[in-house]
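I have placed the structure first, in the form of structure tokens, so that the comments after it can refer back to it.
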Amino acid sequence: MVVQIQSQAIESKNWEMGFLAQIYRSRWWRYLQKRKPGLLLVLIFAVFLIYFNFIDPNRRKSDVEYDNHQLVQSELVRLRSQIGFLKAKLAAEGRGITDLNDLAQPMIYAITPTYARPVQKAELIRLCHTFLLVPNFHWIVVEDAAEPTDLVTNLLKRCGVVYTQLKALTPPEMKLKPRDPNWRYPRGVWQRNEALTWIRNNVPVSREGVVYFADDDNTYSLELFQDLRSTKAVSVFPVALVGGVLLEKPEVSPDGRVIGFNALWEPQRPYPIDMAGFAVNLQLILAKSEAKFSLEVKRGYLESEFIGHLISGREELEAKADLCTKVLVWHTRAEAIKTTGENIRKRKGLPMTNVGFEI
Ligand code: UGA
Ligand code: MN
């Protein structure tokens, strides 16, 4: 096939060379060369232009089709980023968030617990910029704080994504101390429950939607949300960089049923997956109002216990992300930021470096 195409190209090149030689030897060429060299240059330029744009035989049909496909794709990417840009611009100009969501497709309700720490703003900005590019999206941000903070309030106001800002303080006795191992207490529990209560009290039963628990430190691809949108009950999909392995994933049979999980850590859990690895249909969340995150569960059973309220077995799970063959979400974590330099400055009688700045 390749050889054939090459030989075709060579043949047509020979034919073209002969044609060019004939023109070069012709009377017209000599006339133009002597009398109208400017016109000759313009003509040569025009011929080149036409040749390379329209009749270059090396541009096969499939190339043209490919180019068209690329064109449509890049047009979509461009439009999407323009919409994201416009949403953010309108919000930044103080006109409030413009609700561009519609009922043409199910809404995604993403629940994000968040708490004050040096990387908080960076994490939330990252999420804001991803979510700006997701259509029909409602971001429910729940601060682990006694009162909403200015940092989160202002960030959400300027973000451009439709949002609801809530707060739920983790009781001090359940809060991780900086030196505690992170498995000592579950995180984000009060905050996710607060968001679930808000959804149950505020979202109309007639609304089509999907609920997803989007922690503030993970990394989400745009395809993930398009995939989740069709969740009928509970969907599952692979999560990278979690549970001490590179990839935790459901195992899917050739006919598309979830038949197991590859988790290494506590594989006997009913649903051994991370919070980022499942999504729930809104109707199910509304119907099963007892489904909440519990503090009473064994370490690592947060997700399993919650999903247990919603469905009665693994056979009801839906495999997303191309039958769990794609990675669309990463359980990234920011490294704990060392600020020992601030103590050194303090000892020298210098002010902290962030005075007057919001970081
Ligand atoms: C893993 C899972 O990915 C979490 O979904 C699960 O809540 C957690 O384990 C657990 O076992 O509790 P990990 O990355 O270790 O996650 O947890 P974090 O990302 O530190 O916390 C999860 C969410 O809770 C984040 O959105 C975080 O901002 C929030 N959080 C954390 C609080 O609201 N308050 C805190 O004191 C700590
Ligand atoms: Mn995390």
Side-chain angles (χ1 to χ4, degrees), residues 109-128 130-131 139-149 151-152 155-156 163-196 198 211-220 224 236-249 261 263-266 269 271-280 292-307 327-337:
Y109 293 91
I111 297 176
T112 302
T114 186
Y115 70 110
R117 61 205 192 278
V119 296
Q120 183 183 29
K121 187 173 181 183
E123 301 283 31
L124 292 175
I125 293 262
R126 224 157 51 85
L127 291 203
C128 160
T130 301
F131 298 164
W139 192 13
I140 305 177
V141 179
V142 196
E143 287 190 73
D144 185 351
E147 292 304 327
T149 62
L151 186 148
V152 176
L155 187 144
L156 290 174
Y163 70 93
T164 296
Q165 184 183 8
L166 304 171
K167 63 175 170 66
L169 185 67
T170 303
E173 67 278 12
M174 295 297 285
K175 184 91 175 168
L176 282 180
K177 314 280 175 298
R179 282 176 205 284
D180 278 346
N182 74 353
W183 44 259
R184 179 150 293 163
Y185 306 115
R187 278 135 287 145
V189 168
W190 272 269
Q191 295 72 33
R192 295 188 193 102
N193 286 343
E194 184 68 22
L196 289 170
W198 183 88
V211 174
Y212 180 61
F213 299 103
D215 286 355
D216 66 358
D217 53 346
N218 297 337
T219 305
Y220 308 94
L224 174 74
V236 287
F237 32 89
V239 179
L241 319 178
V242 72
V245 289
L246 288 172
L247 184 64
E248 271 192 359
K249 63 182 278 295
F261 297 87
L264 197 66
W265 188 76
E266 296 261 336
R269 287 175 288 165
Y271 305 99
I273 47 177
D274 184 77
M275 198 66 74
F278 70 96
V280 185
K292 285 199 168 151
F293 289 94
S294 164
L295 290 165
E296 306 302 314
V297 298
K298 225 171 104 185
R299 176 187 155 204
Y301 280 68
L302 214 52
E303 296 87 351
S304 280
E305 202 266 346
F306 180 73
I307 297 173
V327 175
L328 303 180
V329 53
W330 295 258
H331 182 255
T332 41
R333 313 186 72 209
E335 69 172 317
I337 304 301

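In listed order, ligands and their atoms are each counted from 1. All of these numbers come straight from a predicted model, not from anything done at the bench. We number each residue from 1, following the sequence as shown.
Gln120 has its side chain within reach of Val152: a pair of non-hydrogen atoms, C-beta onward, lies under 4.5 Å apart.
Other residues, nucleotides and ligands contribute over 12 non-hydrogen atoms within 6.0 Å of the CD1 atom of Ile337. Within a 6.0 Å radius of CG in Leu264, no more than 12 heavy atoms belonging to other residues, nucleotides or ligands are found. Remark: Glu296 CD is loosely packed, at most 12 non-hydrogen atoms of other residues, nucleotides or ligands lying under 6.0 Å away.
Checking Glu143 against Gln191 by side-chain atom types alone, no donor-acceptor pair falls below 3.5 Å. For the residue pair Thr114/Glu123, the side-chain donor-acceptor check at 3.5 Å is not satisfied. The closest side-chain donor-acceptor pair between Asp144 and Thr170 falls under 3.5 angstrom.
Considering Gln120, Arg187, Arg184, Met275 only, the shortest heavy-atom separation from atom 18 (P) of ligand 1 involves Arg187.
In terms of heavy-atom proximity, Pro113 sits nearest to Asp215 at CD-OD1, 3.8 Å. Between Glu305 and Ser294, the shortest heavy-atom contact is OE1-CB, 3.7 Å. Of all non-hydrogen atoms in Glu303 and Gly300, the two that sit nearest each other are OE1-O, 3.8 Å.
With a 4.0 Å heavy-atom cut-off, ligand 1 is reached by the side chain of Asp217 but not by its N, CA, C or O. No part of Met174 comes within 4.0 Å of ligand 1, judged by heavy-atom distances. Residue-level proximity to ligand 1 for Arg299 is absent, since no heavy atom of it falls below 4.0 angstrom. Contacts of Leu302 with ligand 1, taken as heavy-atom pairs under 4.0 Å, involve the side chain alone.
Shown here are the protein N/O/S atoms lying under 2.8 Å from the Mn ion (ligand 2), water excluded: Asp217 OD1, Asp217 OD2.
For atom 22 (C) of ligand 1, the nearest non-hydrogen atom of the protein is Asp215 OD2, 3.3 Å. Shortest contact from atom 16 (O) of ligand 1 to any protein heavy atom: His331 NE2, 3.4 Å. Closest to atom 26 (O) of ligand 1 among all protein heavy atoms lies Pro113 O, 2.7 Å. The protein heavy-atom contact nearest to atom 6 (C) of ligand 1 is Arg192 NH2, 4.0 Å. When only non-hydrogen protein atoms are considered, atom 30 (N) of ligand 1 lies nearest to Tyr115 CD2, 3.4 Å.
For the pair Arg117 and Tyr115, the distance from NZ or CZ to the six-membered ring centre is under 6.0 Å and the angle to the ring normal is within 45 degrees.
Counting the atoms of ligand 1 from 1 in the order shown, those under 4.0 Å from a heavy atom of Asp216 are 25 (C), 26 (O), 27 (C), 28 (O). Proximity to Arg333 (heavy-atom distance under 4.0 Å) selects the following atoms of ligand 1: 13 (P), 14 (O), 15 (O), 20 (O). Close approach of ligand 1 to Pro186 (heavy-atom distance below 4.0 Å) involves ligand atoms 12 (O). Numbered from 1 in the order shown, with element, the atoms of ligand 1 that lie under 4.0 Å from a heavy atom of Lys175 read 34 (N), 35 (C), 36 (O). For ligand 1, the atoms sitting less than 4.0 Å from at least one non-hydrogen atom of Asp274 are 1 (C), 2 (C), 3 (O), numbered in the order shown with element in parentheses. Per-residue contacts place Asp144 under 4.0 angstrom from the following atoms of ligand 1 (heavy atoms of the residue considered): 32 (C), 33 (O), 34 (N), 35 (C), 36 (O). Near Gly188, meaning under 4.0 Å from any of its heavy atoms, are these atoms of ligand 1: 24 (O).
Salt-bridge check for Glu266 with Arg269: failed, with every basic side-chain N at 4.0 Å or more from each acidic carboxylate O.
Below 30°, between 30° and 60°, or above 60°: for Phe213 and Phe278 the angle between ring planes is between 30° and 60°, a tilted geometry. Using the six-membered ring where Trp is involved, Tyr212 and Phe237 have ring planes that are tilted, between 30° and 60° apart.
Taking only nitrogen or oxygen atoms, main chain and side chain alike, Thr112 does not reach within less than 3.5 Å of ligand 1. In terms of polar-atom proximity, defined here as any N/O pair under 3.5 Å, Tyr185 makes no such contact with ligand 1.
Among Tyr163, Phe131, Tyr109, the one residue that satisfies the ring-ring contact (aromatic ring centres under 6.0 Å, His included) test with Trp139 is Phe131.
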